[in-house]
Amino acid sequence: MRRLFIVLIVFVLIPVVKLNAQRYVDVEPDETGQIGALNNAINNDPGADENTIYRLKRNGRYFLNLALINIDFPLNIEAESGDGELPELIPARTIDGNADVPFRPQNDLSLKNLKITARAQDGSLLDQIIRIQAEDVRIEVDSCQIDESSQSFIRTDTRGLNIFVTNTIISRMGTPDDIDNGRVVDDRGNFIDTLIKENNTIYNIPSRVVRDGAGSERYINKVVFYNNTD
């Protein structure tokens, strides 16, 4: 008797998922008499994308010759691991005599373990640290030291924003001769979707932690303000 054996071959399709690894770009600090190392590293990077992290040196100082403006990709900046002082980001006056706020994001922005000021290299004081100028942007600030501006830490010019500030020291927003302008976040009446502040230390803010108003969309969809010291 002949027996017929049927062999069933089952092909199991295993999906292949390509994981995009983080790409680190180490940026050397500005040396004496130089400015723009971080600007140049970002603007001249052909591989810049959402997986790129610009890593700054401990004890280093980075003088910004223009505001950092990211349009085509999220911008991620953090300190290298290890001991030492946090890297400092300082606005600098360029050859035309102008200085600008440190950040004008038009895409997502993530900052970690940095010291940032709006006190320019020549001693002049600028209005903000971050001025958001595109809709639906996500801002993440973690474990930073934010010190000195004449008006606010974060100011928004657009709507649909998500702002997360955690484990950060925020100090000296505003000036003694204009104390009504000392604010942490000033949305100018633009709609914010999410505003979260957790585990921060906030001091020398003469006006308000959040200034919400002066527009038709005078509201924030979700606010979490937890375990902050002020």
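When reading the values below, keep in mind they use all heavy atoms of this one structure, side chains included, and skip hydrogens, waters and symmetry mates.
- Pairing each heavy atom of Leu38 with each of Ile77, the nearest pair is CD2-CD1, 4.2 Å.
- In Tyr203, the OH atom is not crowded: 12 or fewer heavy atoms of neighbouring residues, nucleotides or ligands sit closer than 6.0 Å.
- No hydrogens or angles considered: a donor-acceptor pair under 3.5 Å links the side chains of Gln151 and Asp186.
- Residues forming a side chain to side chain contact (heavy atoms under 4.5 Å, CB included) with Phe164 (at least two apart in sequence, or on another chain): Arg138, Glu140, Asn162, Thr194, Ile196.
- A 4.5 Å side-chain heavy-atom check between Asp108 and Ile139 finds every atom pair outside the cut-off.
- For the residue pair Ser171 and Asp147, a side-chain donor N or O sits within less than 3.5 Å of a side-chain acceptor on the partner.
- A distance of 7.0 Å separates CG in Leu68 from CG in Leu89, rounded to the nearest 0.5 Å.
- Evaluation of the side chain to side chain contact (heavy atoms under 4.5 Å, CB included) rule for Asn59 yields Glu85 as partners, not counting sequence neighbours.
- Here the CG atom belonging to Asp30 is positioned 9.0 Å from the CD1 atom belonging to Ile90, to the nearest 0.5 angstrom.
- By the side chain to side chain contact (heavy atoms under 4.5 Å, CB included) test, Leu86 pairs with Arg58, Asn113, Lys115, Gln145, sequence neighbours left out.
- Judged purely by atom type and a 3.5 angstrom limit, Asn40 has no side-chain atom pairing as donor or acceptor with the backbone of Asn43.
- With a 4.5 Å cut-off on side-chain heavy atoms, Gln106 and Arg104 do not count as touching.
- Between Ala99 and Leu126 the shortest heavy-atom distance is O-CD2, 4.0 Å.
- Checked against Ile192 for a side-chain contact (heavy atoms from CB on, under 4.5 Å), the options Asn221, Thr158, Ile220 give a single hit: Ile220.
- Under 4.0 Å is where a charged nitrogen must lie from a carboxylate oxygen, and between Asp157 and Arg188 no such pair does.
- Salt-bridge annotation for Asp180 and Arg211: absent, with no side-chain N of the basic residue lying under 4.0 Å from a carboxylate O of the acidic one.
- Of all heavy-atom pairs between Pro91 and Asp100, the closest is CB-O, 3.5 Å.
- A donor atom on one side chain and an acceptor atom on the other are found under 3.5 Å apart for Asp49 and Thr52.
- In this view, Asn44 satisfies the side-chain hydrogen bond (donor to acceptor under 3.5 Å, both in side chains) rule with no residue, not counting sequence neighbours.
- Side-chain contact between Asn107 and Asp72 is absent, with no heavy-atom pair separated by less than 4.5 Å.
- Residues Asn190 and Asp187 have side chains that never bring a donor and an acceptor to within less than 3.5 angstrom of each other.
- In summary, Arg159 and Glu135 do not engage in a salt bridge, as defined by a charged side-chain N under 4.0 Å from a carboxylate O.
- Remark: Asp122 engages Arg93, Ala120, Ser124 in a side chain to side chain contact (heavy atoms under 4.5 Å, CB included) (not counting sequence neighbours).
- In summary, the side chains of Thr166 and Asn199 do not present any donor paired with an acceptor at a separation below 3.5 Å, with no hydrogens or angles considered.
- Atom-to-atom distance recorded for Arg172:CZ and Ile146:CD1 is 13.0 Å, nearest 0.5 angstrom.
- Alongside Ile179, the hydrophobic cluster contains no other residue (criterion: ILVMFWY side chains under 4.5 Å).
- Put simply, the side chain of Asp230 never gets that close to the backbone of Ile202: no donor and acceptor are under 3.5 Å apart.
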